[in-house]
2 protein chains.
Amino acid sequence: MGMSVRDVATRAGVSVGTVSNVLNRPDKVSPHTVDKVRAAIDELGFVRNDAARQLRAGRSLSIGLIVLDVSNPFFTDVARGAEDRAAEDGLTVLLGNSDENEDREAAYLDLFEKQRVHGVLFSPVGDAQSRLDALHRRGIPTVLVDRPTTDERFSSVAVDDVAGGYLAARHLLDTGRRRLAFVGGPRDLHQVADRLAGATNAVDETADATLEYIATDALTVLQGRQVGEAIRERDAVERPDALFAANDLVAMGLLQALSMVGPLTVPGDVAIVGYDDIDFASAAVVPLTSIRQPSALIGSTAVDLLLREAEAPDEFERQHVVFQPELVVRDSTAPKV
Amino acid sequence: MGMSVRDVATRAGVSVGTVSNVLNRPDKVSPHTVDKVRAAIDELGFVRNDAARQLRAGRSLSIGLIVLDVSNPFFTDVARGAEDRAAEDGLTVLLGNSDENEDREAAYLDLFEKQRVHGVLFSPVGDAQSRLDALHRRGIPTVLVDRPTTDERFSSVAVDDVAGGYLAARHLLDTGRRRLAFVGGPRDLHQVADRLAGATNAVDETADATLEYIATDALTVLQGRQVGEAIRERDAVERPDALFAANDLVAMGLLQALSMVGPLTVPGDVAIVGYDDIDFASAAVVPLTSIRQPSALIGSTAVDLLLREAEAPDEFERQHVVFQPELVVRDSTAPKV
DNA sequence: TGAGCGCATTGAATCATTTCATTTCATGCA
DNA sequence: TGCATGAAATGAAATGATTCAATGCGCTCA
């Protein structure tokens with residue numbers, strides 16, 4: 001228990017400096033000595049103490065990542081991308097789940113600061129201005145994730161939700177639909193606003209097409225089901241022939257309500273497009289057409305920007321990376337027959 | 001930047017020892033001095049360096065937690081319970097996602113050891129014998145989560161899956177069903193084996209009841225759908241009138257296949273019980289009866305045992321805590337009319 | 001007045017690692 | 001043989017918070 005470099009040094013008959021060199025720059029040490037030291041490490045079961053390392057180094061070997069919801073596959077994929085990229089530089093990702101709660105978010109930021117992380121990646125709850133100001137004031141490299149910004153103090157990595165909205169609506173129009181409806185809310189979520197804006201752009205290009213906005217209180221299956229039930233009751237002339245849901249959960253609710261009961265069919269009477277391309281989307285009763293985001297790439301890119309900023313905080317130009325989403329076509333939008 | 005207790009001490013005109021006392025035992029310091037020191041801390045923006053604290057203390061202020069799948073709501077609830085309990089003792093939970101991958105699991109264990117965590121909570125991948133042996137050899141307090149064991153070297157916190165299986169089957173029998181089928185696999189998952197065993201016990205108590213085992217390769221929606229489609233095609237005499245799925249995802253697949261197409265209804269022709277009571281379960285087309293596990297309680301209890309062991313490693317008697325699951329009745333098992 | 005008490009404060013030592021200026025030593029070359 | 005060279009190894013210093021034995025100080029009471 002509690003073996004230190006000093007114990008290893010004694011055992012191997014060398015100095016502590018040499019043990020440290022074996023650990024960090026084995027090429028600077030003669031092969032014979034390296035062997036002796038490695039043998040001593042094994043015999044004693046020595047495990048490096050990260051705290052001492054970090055104290056000496058002035059900062060930790062980790063990056064903090066705060067997501068809005070760990071159980072959302074989008075964020076777990078982002079985390080995976082970040083971990084893999086960080087591992088390339090021998091760094092670890094500390095994962096915090098804010099659960100859209102500002103107090104939890106603030107608690108994680110405090111923790112990360114005490115831990116002297118290299119920097120923080122995060123998807124802020126609300127506008128988080130005060131917390132962002134504090135991070136900037138303290139000079140902690142910070143990259144905003146899935147949150148477009150023009151703030152020049154921070155880099156950001158996001159996906160073009162306007163383009164995603166356009167893709168979805170364009171696809172519906174291309175497959176012959178004309179009476180579109182966008183389902184989602186609340187409208188002050190930037191994802192909702194942007195996706196709707198993109199859809200609007202596409203509809204505006206097409207003379208005889210219309211787009212209705214149907215608001216929900218949240219992006220959940222239940223909310224989608226309720227909207228779906230309301231739509232089911234409408235007269236045929238009032239009914240949209242295509243629905244674009246702000247995310248896959250809402251889309252699944254719509255699908256359930258429309259296809260379960262009554263005479264309507266998907267995609268026969270109504271086509272549905274979701275957003276996020278979660279696993280459930282392809283496993284739905286009618287496999288769901290959706291918009292896929294390059295989640296892992298978002299994570300790795302964010303780490304990349306973070307490390308570059310951490311290396312040269314003054315010179316590094318903050319960047320705003322925006323990825324393009326991708327349309328994944330499945331049965332729920334097959335053309336009308 | 002880089003303010004230390006020394007800077008704070010200078011600013012406040014006191015010694016470093018006093019600053020430390022203000023931080024850790026403010027009642028031992030005169031109120032006037034406390035104010036001076038707090039003011040200096042604010043003015044300088046001093047943030048404690050965890051690495052130095054941990055170095056001195058000999059161990060970190062955290063507990064490691066490794067789960068099989070962060071996106072499974074069961075595990076995020078466990079994590080929440082653990083975090084809350086740990087916070088009571090001023091500790092942090094480092095969350096690692098093994099994703100049922102032994103290499104990732106091993107990497108997290110290494111990390112936690114270098115960090116000198118208080119101990120490790122984990123839900124091992126496979127039998128993990130070698131990793132468990134290593135933890136024991138090094139004297140790292142370890143609590144197994146959601147993994148019943150009789151191993152006297154480790155405490156464990158789990159849910160009685162046999163009882164859960166019994167509850168589910170008993171409920172189906174009580175509501176008048178007689179031809180039961182259990183759907184799930186692979187059978188070497190202890191959850192699958194135990195839940196099936198419990199269901200078998202219940203069926204054995206009832207003279208005219210039968211239980212069929214229908215295997216799946218994994219516990220996913222898709223696998224459930226496939227089984228559901230096969231059942232839909234059976235002749236009425238061959239068809240079960242009640243299905244008990246090894247988890248809610250499988251149950252949802254079954255529900256989709258049975259209730260979407262064809263003449264069968266749920267619960268009219270076939271009743272369905274799931275397991276885990278995930279959010280989706282109550283939002284399904286037919287709200288799903290399910291077995292709920294006290295997930296947060298599992299997490300907090302595990303931390304509890306861990307801390308008691310960490311305090312007195314030699315005296316503390318390892319414990320095997322087993323919680324009882326709970327039946328949550330919804331529409332999918334309404335009695336036959 | 002001075003001994004005795006207790007609260008408040010001090011600051012050197014400690015934790016484990018890394019770094020780097022210095023030392024050691026073998027080798028090659030004149 | 002004497003000297004220069006450079007690779008290898010050394011060990012003291014530094015990182016920042018905490019602890020604890022020692023000290024200071026104000027007060028009471030004889």
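Proteins come first, then strands; the chains are lettered A, B, ... in the order of their sequence lines, and each starts at number 1.
- Within the 4.5 Å cutoff, the side chain of Arg131(A) has heavy atoms near those of the Glu102(A) side chain.
- Remark: Val29(B), Ser30(B), Thr33(B) in residues 26-37 of chain B come within less than 4.0 Å of DNA chain C through at least one heavy atom.
- Under the side-chain hydrogen bond (donor to acceptor under 3.5 Å, both in side chains) criterion, Thr301(A) pairs with no residue, sequence neighbours left out.
- Contact between the side-chain N/O atoms of Ser15(A) and the OP1/OP2 oxygens of dA9(D) is not found at any separation under 4.0 Å.
- Identified under the side chain to side chain donor-acceptor pair (under 3.5 Å) test for residues 72-81 of chain A, with sequence neighbours left out: Arg80(A)-Asp99(B).
- A salt bridge is absent between Arg308(B) and Glu311(B): the closest approach of a Lys/Arg side-chain nitrogen to an acidic carboxylate oxygen does not fall below 4.0 angstrom.
- In terms of the salt bridge (charged side-chain N to carboxylate O under 4.0 Å, His left out) criterion, Asp35(B) has no residue partners (sequence neighbours excluded).
- Residues forming a salt bridge (charged side-chain N to carboxylate O under 4.0 Å, His left out) with Arg11(B) (at least two apart in sequence, or on another chain): Glu43(B).
- For the salt bridge (charged side-chain N to carboxylate O under 4.0 Å, His left out) test, no residue two or more places apart in sequence or in another chain qualifies with Arg6(B).
- A donor-acceptor pair is defined here as one N or O able to donate and one able to accept, closer than 3.5 Å; such a pair exists between the side chain of Asp151(A) and the backbone of Arg153(A).
- Proximity of a side-chain donor or acceptor of Ser98(A) to a complementary backbone N or O of Val67(A) within less than 3.5 Å is detected.
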*Treat primed atoms plus P, OP1 and OP2 as sugar-phosphate and everything else as base, then score nucleotides 21-27 of chain D 5' to 3': B for base contact with protein heavy atoms under 4.0 Å, S for sugar-phosphate contact only, - for none.*
-------

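- Each end of the helix from dT1(C)-dA30(D) to dA30(C)-dT1(D) gets its own axis, taken as the rotation carrying the C1' atoms of four end pairs onto the next four within a five-pair window, and the two axes meet at 60° to the nearest 10 degrees.
- The CD atom of Gln54(A) sits 14 Å away from the C1' atom of dA17(D) (whole-angstrom rounding).
- The shortest distance between side-chain heavy atoms of Val322(B) and Val159(B) does not fall below 4.5 Å.
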_Treating primed atoms plus P, OP1 and OP2 as sugar-phosphate and everything else as base, which nucleotides of nucleotides 13-26 of chain C get B, S or - for protein heavy atoms under 4.0 Å?_
BBBBBBB-------

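- The side-chain hydrogen bond (donor to acceptor under 3.5 Å, both in side chains) check on Ser156(A) picks up His320(A), with sequence neighbours excluded.
- In this structure Asp103(B) satisfies the side chain to side chain contact (heavy atoms under 4.5 Å, CB included) test together with Asn101(B), sequence neighbours excluded.
- Looking at residues two or more places apart in sequence or on another chain, you find no salt bridge (charged side-chain N to carboxylate O under 4.0 Å, His left out) involving Arg38(B).
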